[in-house]
Amino acid sequence: MESQMEAVKVEGFGPDSEVEDLGRCVDEISTTVSRLEQRVNDVEQFYLTTDNMELTITKSASAFKEKVKEKQLTGLEKQQQEASQREAAALKRMQELMRQFATILRQITQHKWAHPFMHPVDVEGLGLHDYYEIVQKPMDFGTIKSKMEAKDGTGYKNVREIYSDVRLVFKNAMKYNDERHDVHIMAKTLLEKFEEKWLQLLPKVAEEEKRQVEEEAKAELDVKLAQEAVHANMAKELSNELCDIDLQLEKLRQIVIQKCRKMSTEEKKKLGTALTRLSPEDLGKALEIVAENNPGFQPTAQEVDLDIDAQSELTLWRLKVFVQDKLKLAGKCSEAVVCNNINNNENTIKSNSKRRREISDALTKNAIKRNRKLSPNS
């Protein structure tokens, strides 16, 4: 971009202030395009992860994230309010079920045989040294009652949790004690009574569980639909903003066309000659520039007839900047190749000279030895 602006400044049109104004316009548009591109990526990311119920937003797009939050609140506040109302209603219904279950539990604990199960087993007092080896999870009615009355969040969440612990009380007693033992018989009898009463409450429990599953699924779907609606609106806004960018670019293009001076015949001739010096790949890119403002031009045809005089001033100046950049780059590469060849030749010459000196020295030494052998004083 800087090289193109510099070329326009030098050859396209005059005052520096006009060039600077255009440069600022280009920078502003580039910044806006980068921001819109990030937002488009964020919207695409959301739709790529629609299986996730949480909103997926890239951290770097903080402005977009805030905008999504603002719009999402209006759509999700109602969903959150309805969800809170559903949860409150479900909690009330579950509390009623627990109240009914507490009645069953009270009937069981008031039975004359319930006293062995009212408190934790006194393992040490009774000398039951192998109790914890047989019973992995001890349970008693006192512990169950405390957990049912807990207000610190450690209590039971639903009726089935209480049901499981009540059964565990009797199952532990039956597991540790022999079938003929009184505790085993008492536990088995109370368990049967408990199961009979539980079967009377079970239809209501099953109905409530089914209802909760359906309501949770509906709530998740509502949230998902609300998120999709938010992102659909975002996509629409992005489309409008991108259209505005297109209009700005077109206005800028028209300004550049108006400001560009006409290229002389000599300059056009030089441009045509320079095009023939491009590599096949760069020539293809140059023809694509021509095709952008000339829909009827076929840059990929086997034979291309390019009429320089028929091109718009904008196309000519774009071609000139492109050709100058590419030939300048190619020139640097050629210089590097030439320098490399020169260095290689110099190294070769040095190597050959050194080799010749070594051969010459060797021949001289051999000649001296022969002379000494032929001397009469030797």
Side-chain angles (χ1 to χ4, degrees), residues 1-5 8 12-13 17-83 218-260 285 288-297 299 311-315 317-319 321-322:
M1 180 61 71
E2 291 180 358
S3 61
Q4 292 179 358
M5 292 303 299
V8 172
F13 47 88
S17 59
E18 293 180 351
V19 176
E20 292 175 359
D21 290 341
L22 285 174
R24 281 193 293 270
C25 290
V26 171
D27 290 340
E28 290 175 1
I29 292 175
S30 297
T31 301
T32 304
V33 168
S34 297
R35 177 174 54 82
L36 292 178
E37 182 179 9
Q38 182 60 66
R39 290 172 59 186
V40 168
N41 291 338
D42 293 328
V43 173
E44 288 180 348
Q45 183 66 21
F46 170 80
Y47 285 107
L48 288 174
T49 55
T50 50
D51 290 339
N52 298 330
M53 299 311 300
E54 295 183 356
L55 182 62
T56 304
I57 303 177
T58 305
K59 292 182 179 179
S60 59
S62 57
F64 175 71
K65 184 176 180 180
E66 293 301 322
K67 194 170 184 180
V68 169
K69 277 186 176 181
E70 180 181 346
K71 287 184 171 291
Q72 192 179 20
L73 282 176
T74 58
L76 295 182
E77 279 180 351
K78 184 179 179 181
Q79 302 296 338
Q80 292 172 349
Q81 186 177 4
E82 291 177 354
K218 183 179 183 301
E220 290 180 353
L221 179 60
D222 289 343
V223 171
K224 184 177 180 180
L225 292 175
Q227 290 177 349
E228 290 181 351
V230 169
H231 283 77
N233 290 333
M234 287 294 170
K236 184 177 180 180
E237 290 180 4
L238 283 170
S239 178
N240 293 335
E241 291 187 55
L242 289 171
C243 289
D244 291 339
I245 290 294
D246 288 339
L247 292 176
Q248 293 179 37
L249 289 172
E250 181 58 27
K251 289 180 181 179
L252 185 60
R253 176 176 173 275
Q254 294 300 325
I255 292 174
V256 172
I257 292 174
Q258 293 173 6
K259 297 295 182 180
C260 283
K285 294 179 180 179
E288 290 177 1
I289 293 176
V290 175
E292 288 180 13
N293 294 323
N294 189 353
F297 185 75
Q311 304 307 314
S312 66
E313 294 300 323
L314 178 61
T315 299
W317 283 108
R318 288 184 64 194
L319 281 174
V321 172
F322 176 80

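All values below come from the heavy atoms of this structure, side chains included, with hydrogens, waters and symmetry mates left out.
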Nearest-0.5 Å distance that lies between atom CG in D246 and atom CD1 in I29: 10.0 Å
Calculate, to the nearest 0.5 Å, the distance between atoms CD and CE belonging to E237 and M234 respectively. 5.5 Å
Could you pull out all residues at least two apart from A291 that satisfy side chain to side chain contact (heavy atoms under 4.5 Å, CB included)? F297, P299
Could you list the residues that satisfy side chain to side chain donor-acceptor pair (under 3.5 Å) with T32, not counting sequence neighbours? none
Applying side chain to side chain contact (heavy atoms under 4.5 Å, CB included) to L225 and not counting sequence neighbours gives L221, E228
From CZ (R35) to CG (L238), nearest 0.5 Å: 9.0 Å
Electrostatic pair K236-E241, nearest N-O below 4.0 angstrom: no
The criterion is salt bridge (Lys or Arg N to Asp or Glu O under 4.0 Å); which residues satisfy it with E28, sequence neighbours excluded? none
Applying side chain to side chain contact (heavy atoms under 4.5 Å, CB included) to S312 and not counting sequence neighbours gives N293, L314, T315
